[in-house]
Amino acid sequence: MKVLPREFYFRGPDEVAAELLGKLLVRIYKGRRLSGFIVETEAYFGPEDPASRAKRGGGLAKVMEGEVGLALVYGVHRKWLLNVVAHEEGGIGAVLIRAIHPFEGVELMKELRKVRKIRELTNGPGKLTEALAVDKKFHRKPLYLPDSDLRIERGSYPGALKVARSHRIGVSEDLPVPYRFYVEGDPYVSKVRPL
DNA sequence: CGCCAGATTGACT
DNA sequence: GTCAATCTGGCGG
């Protein structure tokens, strides 16, 4: 089986975030395969995490403490952000997918993004959802089914998979421990931020 | 229904 | 580097 099983997400969000690097995010769009290797992620926890949506309560918090392996899609600044629900038994958490390295369907992704520069295609959380035509309709949809239109497969990342970490990007208040993970040296990592 | 903050992006100085 | 567009989701009324 190529897709990552549901159990893959049945661990702490930080562990899942690190393990997702190098995996293949696949979108079936109009019968065509669009995909890219995940090169940047961030882990978010429960109410004790000041940057987490779970802290505010409401529907998103419910999804974050619900079934693992489901997509969590929500909008900020007119962009859709894609997360995967991941936590241990009885826990709360999700992993934000921040950047992918384009693999299949690059030309179609360029059309969807309306950009020329390939570097600009998927090097940010709001950019990759646009490139893969991911929106609210995927909210709470499982990513572990072999025939899902949006799923995560075992990939073979081209090159050495050297994992680095830093503090999360764009949050006003972060935890003392850095929870952003990225593939060092990959050109599609959104940006560098010092520890 | 109105208010407001925000896990962003792209244009511009 | 600065800055604002633009809209979702949560919450109060």
Side-chain angles (χ1 to χ4, degrees), chain A residues 9 12-21 25 36 38-66 68-87 91-102 109-141 143 150 152 164-183 186-195:
Chain A
Y9 307 99
D14 49 340
E15 190 179 339
V16 174
E19 288 285 322
L20 275 176
L21 295 178
L25 179 63
I38 297 171
V39 293
E40 182 180 348
T41 58
E42 283 177 358
Y44 287 85
F45 301 85
E48 75 281 7
D49 178 355
S52 176
R53 301 317 262 209
K55 188 180 174 61
R56 301 199 213 172
L60 292 176
K62 282 277 176 279
V63 176
M64 284 180 75
E65 64 184 65
V68 301
L70 303 186
L72 188 160
V73 180
Y74 86 101
V76 184
H77 294 273
R78 180 58 193 105
K79 312 286 186 293
W80 294 111
L81 304 199
L82 173 63
N83 300 252
V84 196
V85 179
H87 54 75
I92 305 175
V95 175
L96 170 68
I97 302 187
R98 282 196 56 93
I100 64 174
H101 182 128
M109 285 194 262
K110 278 182 180 171
E111 287 176 32
L112 287 163
R113 278 276 291 142
K114 304 179 197 69
V115 295
R116 298 180 180 182
K117 289 185 245 175
I118 186 150
R119 282 282 304 280
E120 291 295 310
L121 210 50
T122 55
N123 62 333
K127 296 178 184 179
L128 72 90
T129 53
E130 190 177 30
L132 297 180
V134 169
D135 58 25
K136 191 63 186 286
K137 72 171 178 284
F138 288 101
H139 188 49
R140 302 175 63 186
K141 292 287 193 304
L143 298 176
L150 184 65
I152 300 176
R165 63 193 289 172
S166 79
H167 280 289
R168 296 174 294 186
I169 291 178
V171 300
S172 52
E173 195 182 350
D174 203 358
L175 292 163
V177 179
Y179 284 116
R180 169 180 178 245
F181 303 85
Y182 60 96
V183 177
D186 191 281
Y188 294 93
V189 170
S190 66
K191 55 178 154 177
V192 188
R193 182 179 159 169
L195 284 169

Grab the [atom1]-[atom2] distance between [X] and [N] for me, whole Å please.
| X | N | atom1 | atom2 | result |
| --- | --- | --- | --- | --- |
| A:Glu130 | C:dT6 | CD | C1' | 14 Å |
| A:Glu42 | B:dT8 | CD | P | 8 Å |
| A:Arg119 | B:dG10 | CZ | P | 14 Å |
| A:Leu96 | B:dT8 | CG | C1' | 11 Å |
| A:Tyr74 | C:dC7 | OH | C1' | 13 Å |
| A:Leu121 | B:dG10 | CG | P | 11 Å |
| A:Lys62 | C:dC11 | NZ | P | 10 Å |
| A:Asp135 | C:dC7 | CG | P | 15 Å |

Side chains of A:Leu96 and A:Leu72, heavy atoms from C-beta outward: is any pair under 4.5 Å? no
Is any side-chain heavy atom of A:Glu120 closer than 4.5 Å to one of A:Arg113? yes
Partner nucleotide of C:dT6 by Watson-Crick or wobble geometry (both distances under 3.5 Å): none
Here's a test of your reading of the structure: between A:Leu82 and A:Val115, which maps to the more 5' nucleotide of DNA chain B? A:Leu82
Nearest 0.5 angstrom please: [X] [atom1] to [Y] [atom2], how far?
| X | Y | atom1 | atom2 | answer |
| --- | --- | --- | --- | --- |
| A:Ile152 | A:Leu82 | CD1 | CG | 7.0 Å |
| A:Lys141 | A:Lys136 | NZ | NZ | 10.5 Å |
| A:Arg116 | A:Ile118 | CZ | CD1 | 14.5 Å |

For the side chain of [X], counting heavy atoms from C-beta on, which of [options] is nearest?
| X | options | result |
| --- | --- | --- |
| A:Trp80 | B:dG6, C:dT8, C:dT6 | C:dT8 |
| A:Lys79 | B:dG6, B:dT8, C:dT6 | B:dT8 |
| A:Arg78 | C:dC7, B:dT8, C:dG10 | C:dC7 |

Quick one: is [N] close enough that its OP1 or OP2 comes under 4.0 Å of any side-chain N or O from [X]?
| X | N | result |
| --- | --- | --- |
| A:Arg98 | B:dT8 | yes |
| A:Lys127 | B:dG10 | yes |
| A:Arg113 | B:dG10 | yes |

Would you kindly compare A:His77 and A:Lys136 by the position of their nearest DNA chain C nucleotide and give the one closer to the 5′ end? A:His77
